[in-house]
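Single-structure report; data block below.
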Amino acid sequence: GCSGSTEPAGSEDASAQSSASAETVGSESSGAASAAGNYPRGNGDDTLKIGFACMDMSNTFHATVAKYFEQECANRGIECMVLDDKFDGTTATENCQLICDSDCDVYVSVMGFMVGDTLSDICKEAGVLAIGMDQPIPDFPFFGADNVTAGYSAGEALAEAAIEKWGENPTIDLYIGLESLAGAEINDARMHEGMLEGIRSKVEVPDEIYVQCDVTNNDSQVAMRWVEDTINAHPEAEHILIGGFVDDSGQGAEAVIEKLGYQDKALIGTVDGSTLAINNFKNPDTAWVCSAALLPEMYGYYMLETLEPYLKGETDELPDSWNVPPVVITKDDYEQVLTDSIIYDDYQVG
Amino acid sequence: MEDVKANRIKGKRFHMTSAWSTFFVWIVICAIMAVLSPYFLSVKNFLSIAQYSAITGALAVGMTIVIVGGGIDISVGSVVTLVGMVLAAIMPASGSVPLMIIAALAIGVACGLANGLLVTKLNIVPFVVTLGTMEIFKGLAFLTTRGVNTPFNNLDFAAIGRGYSFGQIPNSFIIMLCMIVVGAFLLKMTPFGKKIFAVGSNATASKLAGINIKKIKLSTYIICGICAAIAGLISTSQNSAGLTNSGDGAELNAIAGAVLGGASLAGGSGSMVGTLIGVLLLNTITNGLNLLGVSSYWQLVAQGAILVFAVIVDSFKHKS
Amino acid sequence: MKTKPLILNKKKFEFTSTHLLLIVFAIVFVVFTVMIPDKFFTGKNFMTIAKYSSVFGLIGIGMTFIIIGGEIDLSVAYIVGLSSMVMGTMLQTIDNVVLVAAAGILVGLVCGIFNGFVITKLRLPAFVVTIGTGQMFNGFAQLINNRPQIQFSNDLFREFSKINVFGVIPLPFIILLAVAVLTWFVLKYTVFGRCVYAVGSNKPASRLAGINAAKTNAFTFAISGFLCGIASFMVTSQNGSGIAAAASGAEMDAISAAVLGGASLAGGKGSIIGTLVGVFLLRIISNGMNLMNIETYWQMVLQGSLLIAAVIMDSVKNNKDD
Amino acid sequence: MSELLKLKGISKEFPGVKALQNVDLELNRGEVLALLGENGAGKSTLLKIISGVYLPDAGEIYVDGEKKNFKIPADAAAEGIGIIYQELSYYDELTVAENIFVGKLPKANRIKVDWKEMNRRAKEILARLNVQIDPRALVKTLSTAEKQLVEIAKALASDTKILIMDEPTSALNDAEVKSLIEQTRKLAGEGIGVIFISHRLEELFAVADRIQIMRDGKRIDSFSMKDATPEKLVQLMVGREIKDMYPKGEIKKGDVVLEVKHLKNKTLKDISFSVRAGEILGVFGLMGAGRTEMCKAIFGASKLQEGEILMHGKPVKIHSVEDAKKAKIAYLPNDRKKEGLILSQSVKENFASAVIDRYTKGKGFIVDKKRVDRNADKWIKKLNVSTPSGDTVVETLSGGNQQKVVVGKWLETSPDVIILNEPTRGIDVGAKVEIYKLIEELCQEGMAVVMVSSEQAEVLSLTDRAIVLCEGRLTGELCCDDYTQERLMEYAIGGGA
Ligand SMILES: Nc1ncnc2c1ncn2[C@@H]1O[C@H](COP(=O)(O)OP(=O)(O)OP(=O)(O)O)[C@@H](O)[C@H]1O
Ligand SMILES: Nc1ncnc2c1ncn2[C@@H]1O[C@H](COP(=O)(O)OP(=O)(O)OP(=O)(O)O)[C@@H](O)[C@H]1O
Ligand SMILES: [Mg+2]
Ligand SMILES: [Mg+2]
């Protein structure tokens, strides 16, 4: 198989990279508040209250994060307010204000890549601790998926699958990147620094064969059209790699590969690790071989494990950055890997 | 008398209809694409265009009927999403394809009925009604699976959107063509269709001619709901999953297709053949730009410009 | 023979949709106040609502002009986005805040004029044209940097939206009120304003009466574009970054607000006050539901239902007149 | 007398119609010129050329001896040409005062509209026309007749040298017509040149100095009104002699077909009457009397709060137009453009629109195109509709021919009773006579006819019996010796009963 989940080199590399970048963000602008743990710690009353601004509740990944986040808060007796940023900077700013107005102790948001400075300002003014989830909010700690690592390990796994299928040093004729340009920095980290570099660490992918497709809103239909049209425009391509920003793109790509009968000529790898990927892995014939699971179910757990003691004053140390460790799942190992990674009893694979 | 005769012949001179001017634009676009991309002019590629036109086409059939009747329905995209989510949710319990189809159609009828009743019984502007129901249906869709994409494995069901018949003709396209034919028959040949045109052109006069305008309008929304449900079926089947964003923006494509094909938002005009050409035009543009690997930002600009260009071409027929 | 003159129209209090809307508004307000008094009925919260209503208020006012003139504009959100990206990009290199703001507003104005020109000069259906131009503006917005958003660090520019007049009232809200008063005057008291109503009410007749209908409509698009430019300035300052989707969905919000406020998509009807109440109603509903921590999916259902409920009452009133 | 306006050799062609061929026209200062011609003769087209709506294909326009080239209506307005169009062009959502001054709103300073001044002046003008409408009222709340009055006020509002009125009286009652004529004469006395179109000859005799007759897009003749007699005018206009304007054959009346008892709703206050087979019942009243409302209520197009409707002695429940159609009631609306026709559709589609369900084959699912065509041909011939073909869009027909289409559409439903609401409004004499004949024929075939009219002469000559409404009440029923112009008016203003 193309197991990449335990590949040490890539993941360590990338996680080091990302924590470094988060640290830089922290230290470069927070001048006075440089020491770890020197963050606001809430308004002093007994009950803890977290304001969670979900990036987009109509998006499976973020809706899942929100659901388990709420659940984890409930388990720990923390009050939780969930708002929907609707993938919109303007709404995010307003929601941030609303959360600060509502006497929350912590504000959590993914929208840092769009309106980070402003979110930071609002929270500082209100004396509320902000956490940049997946995307840093300047002067505040970072928590979340490590997109570079996730993309990198998915890329490696995809390349390994290619080697297994087409032999040592396979010539890749076409690489289709199903990307979300609206995701800006996330997209860069996951798809370029991550996935593309990951693939290139094992096989050669020259720039000329890289077709970047913007799958706006991560729409499976749009992905289908891009893949089919691009393959039609490269009829000579025998070895095709397809990388997907999320599983929705993989779903569309897989549909086209099956339609064109290209199972021998194409391989798909994505980042997400959602039920869409798992469902496809159940079928041995699919071209979709791997997906880096970001474990949205575990976000709440990992965040609160570190955050709760700090808020409760049990510790004065709050790291500048901590992560959810991504894992790569493949046809062979997805069940095992996921059951190992997700601690909830009610969680069932697929 | 002689004058009258001469005039009569002149009166019959050829008038370019909207459908024709859109057809003309389509041909021009095809010619340009054919020059720019060697892969454009192939049966395979046109079949691909056909397949991906199916969803917009199915929606546009219903939309044309509603628009001809003087209404509009912008909730269709949400119906597509709703159908997808509900089907994906019940798929594990029931793998039967006919049951899926019945469930989808039932959702379509229910949504169309809701829109239609609000428009006719309570006399509310259709734009506002469907703006409201658009949110409601979408909310309901997300509530079914709490905003989570839900895949399924059902090869029989997948054949609806992905399979072929008669060699290489995509099933989804065949479904859409059937809908176009039925729609054209309905509009052109039946008393019902004549009444839709009458109601769309002048509701007061139609009412005083003894046409039950509420019934006619209600029917157009139900038909539109059914068409949206079929579009949802195709989309769900092509995706093999209920996806939260499968219907996003679909209503605008459907309206654009219908209007490019000659339907007037004021009601009382429009044709199925025109709509078919309008939908094909929209999808050919996307296909061509994809083949050329044009960046999506430029695609937005190009699609917008071509849309404006098409209406400009159409406006020349009014001037001449 | 002297006939008895007919007096059908005594000037009496007429219950208009604006009154109805005010009642709905009051009900919603009271409901939230009773249910979540400590969260909703606070000065802080009102100021938050006021501040974040301003952007949509301005867009709504522009849309009201266009709708009264019998047209529609589905590209407003993308005009705001394009202008926002232009400002965000300029701020990377230019420190002159006034220059950047002026450029942003100019972009809005130019987009509005472009829409107006294409629609009125070539006599094209506004609905399709603005879907098309909207896509174009959106494309251009993202092409500037090959990015859909760009953050900037000009503090002075960001400061603008934080200014509170008399220490409490957000400046954007003051601007909204000023624009509202000005546009109310324009619509009610200027020849141009009355021409907008005339053109929207009966376009062919206006042409016969020697009103330049095309120019009037074109002007409404320009006004809307200009207001979108100002809105974009406000939202860009608020967000601290240029965002192509800064006002995503604003066209629907603006149309809903205008229609709630009594505007008719057939043209000839609508008012600034109505639209503003509509804007605040929509904002307050979403604010209140957020504070009550209602799941966003239920919020969608409720918001759609409320929109319909508001117009149902209006139509029931109208039906009685039949 | 000096020449104010002169047209030379004007021609205009529409697709399929030569609307005007080499037409001349002269108008002097202080003169009222009547323009007379059958429906479709080209009168309105000629006026629209004068006011700059249409560009002529050929010909010249001189104002005060200077050659003019009107490209848009504003050009003509700048030369002091004011016009009331045949199609009312009002603004529903604006106030009465604004409607009157639209295009030239009085300003307080450079930008501000002076509402006070505008309302005051509007009130003045309306008072001159002897109407009391609140200038601040929205026009959408007015009745058709009131709207027409506002249109006339509009034309009087500006400083016009040349005033053109295309059928200004078609919605007015006699008193209003009279004051309009007075007003027109006064304006002429002030030196304004007036062109006045009407199909009512007695009005023309009262108002005009000179008359120009048109037929088939050509100028036939023009002479002083002193030399005119009704017979001469009619003959010139239709190109043949018309002897009996109103046919009055003796028809045997049958049983009561339609009977209504105690109709009540928001407008109607207890109305009862009956009509027999072969009888024409006149319905007279001033504007807003509730005649239209009564018709619509019987026809199921308006709600009834109380009341009973009987057909052939049996009560029928009518809640919708379909119910009325089933009960064999037909209704010809007074506003044919808004309520009678689907303007953008073809003649044959309009003929079929009330019976489309019957013109089917294949178990009722498919429209039988041949039958639709045959039906249209039948009615075009029978009613003598002048149209290039059944495929012509009905909008391009002249008023009279449009009216015939509406009549044909309803006759095809083979009703037992037909309610005609102002069937001859805005129709030329020739077409009028044809419609009268048709009504007569219908009676002979045993149909019962209810005819609403604002023309006293028409009611008196065509019917033996009439009911009169005033403010929604039935104020009287007239027949036999009572049946005079004076009594009609007396009841109409609420006197009498
Ligand atoms: N816009 C148009 N397009 C095509 N044909 C037209 C148009 N306007 C008028 N016509 C035709 O021109 C002819 C003259 O019409 P016009 O309206 O001038 O008659 P009219 O004398 O005013 O009749 P009426 O007394 O019924 O008002 C008619 O045959 C009519 O059908
Ligand atoms: N007192 C009134 N107040 C308000 N509206 C009235 C009043 N009287 C009549 N109307 C309006 O006028 C209508 C009744 O007039 P209707 O049109 O039936 O009269 P009509 O005799 O046919 O006159 P017209 O010549 O104007 O057609 C009603 O629909 C009503 O809306
Ligand atoms: Mg005429
Ligand atoms: Mg009437």
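Chain naming here is simple, since letters A, B, ... match the order of the sequence lines and numbering starts at 1 in each.
- For chain A, no part of B:Leu292 is nearby; none of its heavy atoms comes within less than 4.5 Å.
- A:Glu254 does not touch chain B: none of its heavy atoms, backbone or side chain, sits under 4.5 Å away.
- Only the side chain of B:Leu243 has a heavy atom closer than 4.5 Å to any heavy atom of chain A.
- Formation of a donor-acceptor pair under 3.5 Å by the A:Arg225 side chain with backbone atoms of B:Asn283 is found in this model.
- Neither the backbone nor the side chain of A:Gln212 has a heavy atom closer than 4.5 Å to any heavy atom of chain B.
- Residue contact with chain A, scored on non-hydrogen atoms closer than 4.5 Å, is absent for B:Ser37.
- Of the two parts of B:Phe40, neither the backbone nor the side chain holds a non-hydrogen atom closer than 4.5 Å to a non-hydrogen atom of chain A.
- Proximity of a side-chain donor or acceptor of A:Thr275 to a complementary backbone N or O of B:Thr150 within less than 3.5 Å is not detected.
- When only modelled atom types and interatomic distance are considered, A:Asp219 and B:Asn245 share no side-chain donor-acceptor pair under 3.5 Å.
- Per-residue counts of heavy-atom pairs under 4.5 Å with chain B were compared for A:Ile231, A:Thr230, A:Asp214, A:Asp247; the largest is that of A:Asp214.
- Contact of A:Ser274 with chain B is not made at all, since no heavy-atom distance falls under 4.5 Å.
- With a 6.0 Å radius and a threshold of 12 heavy atoms from other residues, nucleotides or ligands, B:Ile27 has its CD1 atom above the threshold.
- For residues 232-241 of chain A, the pairs satisfying side chain to side chain donor-acceptor pair (under 3.5 Å) are A:Asn232-B:Lys44, with sequence neighbours left out.
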